[in-house]
There are 2 protein chains.
Amino acid sequence: MQRAEPVSTTGPGMKATIRNVAKLAGVAPSTVSHYLNRTAQLAPETAQNVERAIAALDYRVNWGARSLRLKRTHSIGLIIPNINTPYFGELAGIIENVLWDRSYQMLLCISERDPERELSHFATLVSRQVDGILMVYNQERENRAAQTKTPVPLVFLDRAVTGAPSVSSDNYLGGKLAAEHLISSGHRQIALLSGEPAIRNVADRLAGFNDVLARHGLRVLPEHTLEGLQDLELGSRVGELFLKRPYPTAVFATNDIVAISAWCELVRRGFRVPGDVSLIGFDDIQMSRFLVPPLTTVAQAAPRIGREAVELLVDLINRKDQFVNAAPTHVKVAPALMVRGSVAAPPEGGEP
Amino acid sequence: MQRAEPVSTTGPGMKATIRNVAKLAGVAPSTVSHYLNRTAQLAPETAQNVERAIAALDYRVNWGARSLRLKRTHSIGLIIPNINTPYFGELAGIIENVLWDRSYQMLLCISERDPERELSHFATLVSRQVDGILMVYNQERENRAAQTKTPVPLVFLDRAVTGAPSVSSDNYLGGKLAAEHLISSGHRQIALLSGEPAIRNVADRLAGFNDVLARHGLRVLPEHTLEGLQDLELGSRVGELFLKRPYPTAVFATNDIVAISAWCELVRRGFRVPGDVSLIGFDDIQMSRFLVPPLTTVAQAAPRIGREAVELLVDLINRKDQFVNAAPTHVKVAPALMVRGSVAAPPEGGEP
DNA sequence: TTGAAAGCGCTAACAC
DNA sequence: GTGTTAGCGCTTTCAA
């Protein structure tokens, strides 16, 4: 039992609940509810009274209570590895915008690539009754993906996951675009700054890249390949590609961050880009446009990915029949080559 | 009245509510609640039964319902102008992390610098019963700040706002640091890439900067001043500072984004940084470290700002006495000069 | 140690 | 058009 609150039950000190608004307006709570939700037409005078009461109490609906009743919170959860990786940050921004248009609220969760944390966030979101979840899945090897029971509509972002709907770039195509551009620019000795090939996205980019090379009778030499986490550190190891001749004349980095840090390191070592070495990245993060010259890269269409993902999720949410039964949709968004300044013909008289 | 759901009332198909868990375990709902919240010690056997029932139904508490009872959602709202401005993105990431430690959930709202949208987000957050709000206030002239009634604990971030608690950088000090560094490096002809002076943060940085200059008998010439929105476009206008001699030998940009875009433009025009022109920024965004040479800048301690803000907010939330009465706390975090590669002595024999 | 019951603020039958 | 009422899923007195 609740103890009685020592609050005046009729003054402006009364709590702003629908019940009190009703009392103050001299109507029933349901009438107020109807007014708020435009679910019935009130007599003008009644409406007036309700309006006044609402204003007097500075009343706002309690979304928590409404959600409990309606079983819809009109909120969705977004789980991403982190927010400072520009690509994810941009994605998050876009998604917030699309959700705003549809008047959904976004719970942002950052996993820091920690599977435990990711799982915990997921559970919390479910517990909070979000209407759906958007998620950049962290598990490199997908083991867990299949097991994921989804008590809530779920769309995977950025990486395709078997058995669940997803929206991602066509990474294979992206890899092809990079290779074609390098080859048509005249490069034959091409090096690779690769992420971990166990990661599906990386693998796809590599596959597309290598397939095109192979078709031209080319391949990347083992000593021209560096693998690692796709971060700044990997790029800064670019020097290892230039230990012995023949030097590569172009480098494909599987993301822009790596490309940019490689670029810095190359400049530090006296190489000019693209004069001595050409460089092509992947993602098209904002920063890429501000290098001098700007970075040639394969653009993932973040805006389209974000928008499609939200739309897919909202469809799932509104679907009357159980989403569980539907065959999962996989949306693949085509990336685009952004020809800018970091790729040129290989140097004339051999290498620097 | 609810219509009866055609769901078995006892099989594993029953809905995962505390009531059903109780039924399945042969106990009362309150007992399950006690078990969940460790608010009473259950007999071992009872506990077993409850556990089993929970597992059988895959039960998870409904946070919405709990919040309604408890009148605390354990969630907070963060409103920022956008997420792609690196400084705000970093702040958001830090805040999410601190909130994670305290097991709060974060609703992220982006205002896109639109006051209407900001207000709307604010109202929604209140309606959703967040326990508190963290907000980078958008109004340049603070008019609205005083009016803001806060039905919920509120801490302003990044910009101080009179009459409400806030956490921000000591921008005046930051301006001083920049000026001192430039002067001690030998510069006398200094130019300014200024944000709009109506913005308090900008004004403070400028004040600190100009005060130090004045103390040294220096000032920034009108033709060496460019004002505008603090974005890429402003930086790209840097050429306008070099229309007639004497050229400035150093440029202070009131944020890093502007500094970096100015840098690009300078390089494009054949100036070397810092050989011909020195450049100093403000913020210390991630990208600054990856230029060649890296950008000298005044670092805002984003991690400290984020952490302090969350702590202040949580204190406010937990305060038993009404937060409204407390004199608002203003936390000022001291920025730090990051001496890196973009400031050098002015060129010897005059200007380029 | 456990249970009965009230009620958080809201919506939606249904009756008038 | 408007009111009555039950109930969303949970916690919490209070009594047993």
Side-chain angles (χ1 to χ4, degrees), chain A residues 1-5 7 9 14-50 53-54 57-74 126-129 131 151, chain B residues 1-5 7 9 14-50 53-54 57-74 126-129 131 151:
Chain A
M1 219 177 292
Q2 299 290 108
R3 85 197 130 81
E5 292 279 330
V7 176
T9 163
M14 55 201 294
K15 274 176 51 192
T17 69
I18 205 174
R19 190 166 235 97
N20 283 339
V21 169
K23 199 176 292 178
L24 200 60
V27 300
S30 61
T31 306
V32 179
S33 175
H34 279 136
Y35 172 81
L36 291 169
N37 302 308
R38 310 181 196 299
T39 169
Q41 184 74 277
L42 304 204
E45 202 192 345
T46 317
Q48 282 266 329
N49 289 339
V50 171
I54 287 177
L57 294 181
D58 189 24
Y59 169 81
R60 322 155 180 241
V61 323
N62 179 324
W63 260 92
R66 171 180 280 176
S67 298
L68 182 58
R69 228 358 268 245
L70 258 34
K71 293 168 177 317
R72 308 177 79 242
T73 56
H74 236 78
V126 172
S127 221
R128 278 188 191 268
Q129 319 292 120
D131 293 342
Chain B
M1 211 178 299
Q2 298 290 108
R3 85 196 129 83
E5 291 281 329
V7 176
T9 164
M14 57 202 295
K15 272 176 50 191
T17 69
I18 205 173
R19 189 168 233 98
N20 282 340
V21 170
K23 197 175 292 177
L24 201 60
V27 299
S30 59
T31 305
V32 179
S33 175
H34 280 135
Y35 171 82
L36 291 169
N37 302 306
R38 307 181 201 301
T39 171
Q41 183 72 277
L42 303 203
E45 202 192 344
T46 317
Q48 281 266 329
N49 289 339
V50 172
I54 287 177
L57 294 181
D58 189 23
Y59 169 80
R60 324 160 179 233
V61 322
N62 179 323
W63 261 91
R66 169 181 281 175
S67 298
L68 182 58
R69 237 344 276 243
L70 260 32
K71 293 170 178 314
R72 309 176 80 241
T73 56
H74 236 78
V126 172
S127 222
R128 277 187 192 270
Q129 320 292 119
D131 292 342

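Just so it is clear: chains get the letters A, B, ... in the order the sequence lines come, proteins before strands, and each one is counted from 1.
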What is the distance from [atom1] of [X] to [atom2] of [N], rounded to the nearest Å?
| X | N | atom1 | atom2 | value |
| --- | --- | --- | --- | --- |
| Leu70(B) | dG9(D) | CG | P | 17 Å |
| Ile18(A) | dG7(D) | CD1 | P | 19 Å |
| Trp63(B) | dG9(D) | CH2 | C1' | 14 Å |
| Leu36(A) | dA12(C) | CG | P | 12 Å |
| Arg72(B) | dT12(D) | CZ | P | 12 Å |
| Lys71(B) | dC10(C) | NZ | C1' | 12 Å |
| His34(B) | dC14(D) | NE2 | P | 13 Å |
| Leu42(B) | dT1(C) | CG | C1' | 8 Å |

Any [X] side-chain nitrogen or oxygen under 4.0 Å from OP1 or OP2 of [N]:
| X | N | value |
| --- | --- | --- |
| Thr31(A) | dT2(D) | no |
| Lys15(A) | dC8(C) | no |
| Thr17(A) | dG9(C) | no |
| Arg19(A) | dG9(C) | no |
| Asn37(A) | dT11(C) | yes |
| Tyr35(A) | dC10(C) | no |

Practice item. Answer yes or no: side-chain N or O of Ser30(A) and base N or O of dT4(D) forming a donor-acceptor pair under 3.5 Å. Key: yes
Point to revise | side chain to side chain contact (heavy atoms under 4.5 Å, CB included) between Asn37(A) and Arg66(A), worked out | key: CA-CA 11 Å; Asn37(A) 302 308; Arg66(A) 171 180 280 176; 2.7 Å; yes
Practice item. Go through the steps to decide whether Leu68(B) and Asn62(A) satisfy the test side chain to side chain contact (heavy atoms under 4.5 Å, CB included), and finish with yes or no. Key: CA-CA 9 Å; Leu68(B) 182 58; Asn62(A) 179 324; 4.3 Å; yes
Check your understanding: Is Leu68(A) touching bases, backbone alone, or none of the nucleic acid, heavy atoms closer than 4.0 Å?
Key -> base
Check your understanding: Under 4.0 angstrom, heavy atoms only, what part of the nucleic acid is Thr46(A) near: base, sugar-phosphate, or nothing?
Key -> sugar-phosphate
Review point. Would you say the side-chain atoms of Arg128(B) pair up with the backbone N or O of Thr73(A), donor to acceptor, closer than 3.5 Å?
Key: yes
Revision key, fill the gap. Per side chain to side chain contact (heavy atoms under 4.5 Å, CB included), Tyr35(B) is matched among Thr46(B), Ile18(B), Leu42(B) by Leu42(B)
Point to revise | Non-hydrogen side-chain atoms of Leu36(A) and Ile54(A) separated by less than 4.5 Å | key: yes
Check your understanding: Taking the side chain of Arg69(A) as heavy atoms from C-beta outward, which of dA6(D), dG3(D), dT2(D) is closest to it?
Key -> dA6(D)
